[in-house]
Amino acid sequence: MSKTLFQKIADSEIPADIVYEDDRALAFRDINPQAPVHILVVPRKPIPRADQIEESDEALIGHLFTVARVVAKQEGLQDYRLVMNNGAGAGQTVFHIHLHMLGGRSMQWPPG
Ligand code: AMP
């Protein structure tokens with residue numbers, strides 16, 4: 001299996017502005033930010049889509065939210081949006097799950 005784009009970032013094969021890293025996950029700035037703060041929180045494990053998360057991944061998925069909380073504090077964000085797109089029709093373009101953290105501006109609902 002070839003590496004996903006985000007595995008290559010995690011393995012330092014592609015540069016990224018990494019703001020957090022541990023043994024299970026990393027967070028880096030989105031290359032095409034949609035808000036003043038737009039950070040992706042990514043597990044090292046290359047789960048392709050949210051609907052392929054398994055029961056054995058539950059702790060890992062919880063960890064992504066812990067990382068998001070740590071990163072939000074680092075960034076000085078109190079209010080922010082966390083989004084995970086599932087499938088191309090929902091806007092997913094990189095098939096390695098990631099939480100988008102969007103902050104630094106007011107948000108509209110529903111998203112487009
Ligand atoms: P999604 O469309 O939900 O799969 O989100 C993928 C995100 O990855 C998009 O917001 C892209 O702008 C972002 N992205 C793509 N390539 C890179 C990269 N090399 N470094 C950082 N972010 C990227």
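Source: prediction; values computed, not measured. Start at 1 and go down the list; that is how both ligands and their atoms are numbered.
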| field | Residue pair L102, M107: steps toward the side-chain contact (heavy atoms from CB on, under 4.5 Å) verdict | value | CA-CA 9 Å; L102 298 146; M107 298 283 157; 3.7 Å; yes
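Among all protein heavy atoms, the one lying closest to atom 11 (C) of ligand 1 is D30 OD1, 3.4 Å. Here the protein heavy atom with the shortest distance to atom 16 (N) of ligand 1 is L5 CD2, 3.3 Å. For atom 5 (O) of ligand 1, the closest non-hydrogen atom on the protein side is H98 NE2, 2.9 Å.
Side-chain atoms of E21 and R44, non-hydrogen and from C-beta on, do get closer than 4.5 Å to each other. Residues V42 and V94 form no side-chain contact, since every pair of their non-hydrogen atoms from C-beta on lies 4.5 Å or further apart. In this structure, the side chains of F95 and T4 stay at 4.5 Å or more apart for every pair of heavy atoms.
Atoms of ligand 1 lying under 4.0 Å from any heavy atom of R29, numbered from 1 in the order shown and given with element: 21 (C). Near G91, with a cut-off below 4.0 Å to any heavy atom, the atoms of ligand 1 are 1 (P), 2 (O), 3 (O). Those atoms of ligand 1 with a heavy atom of F28 less than 4.0 angstrom away are 21 (C).
Counting heavy-atom neighbours within 6.0 Å of D11 CG, excluding the residue itself, gives a total above 12.
Heavy atoms of Q34 stay at 4.0 angstrom or farther from ligand 1. Residue F6 places a heavy atom under 4.0 Å from ligand 1.
Looking at N85 against ligand 1, only its side chain comes within 4.0 Å, counting heavy atoms. Looking at H100 against ligand 1, only its side chain comes within 4.0 Å, counting heavy atoms.
Ring centroid separation for the pair F28 and F6 comes in under the 6.0 Å cut-off. Proximity of the aromatic rings of H96 and H98 is defined here by a centroid distance below 6.0 angstrom, and this criterion is not met.
The closest non-hydrogen atom to atom 4 (O) of ligand 1, taken over L99, V83, T93, comes from T93. Across the listed options I31, N32, I97, I31 owns the non-hydrogen atom lying nearest to atom 14 (N) of ligand 1.
No salt bridge links E54 with K45; every basic N to acidic carboxylate O contact stays at or beyond 4.0 Å.
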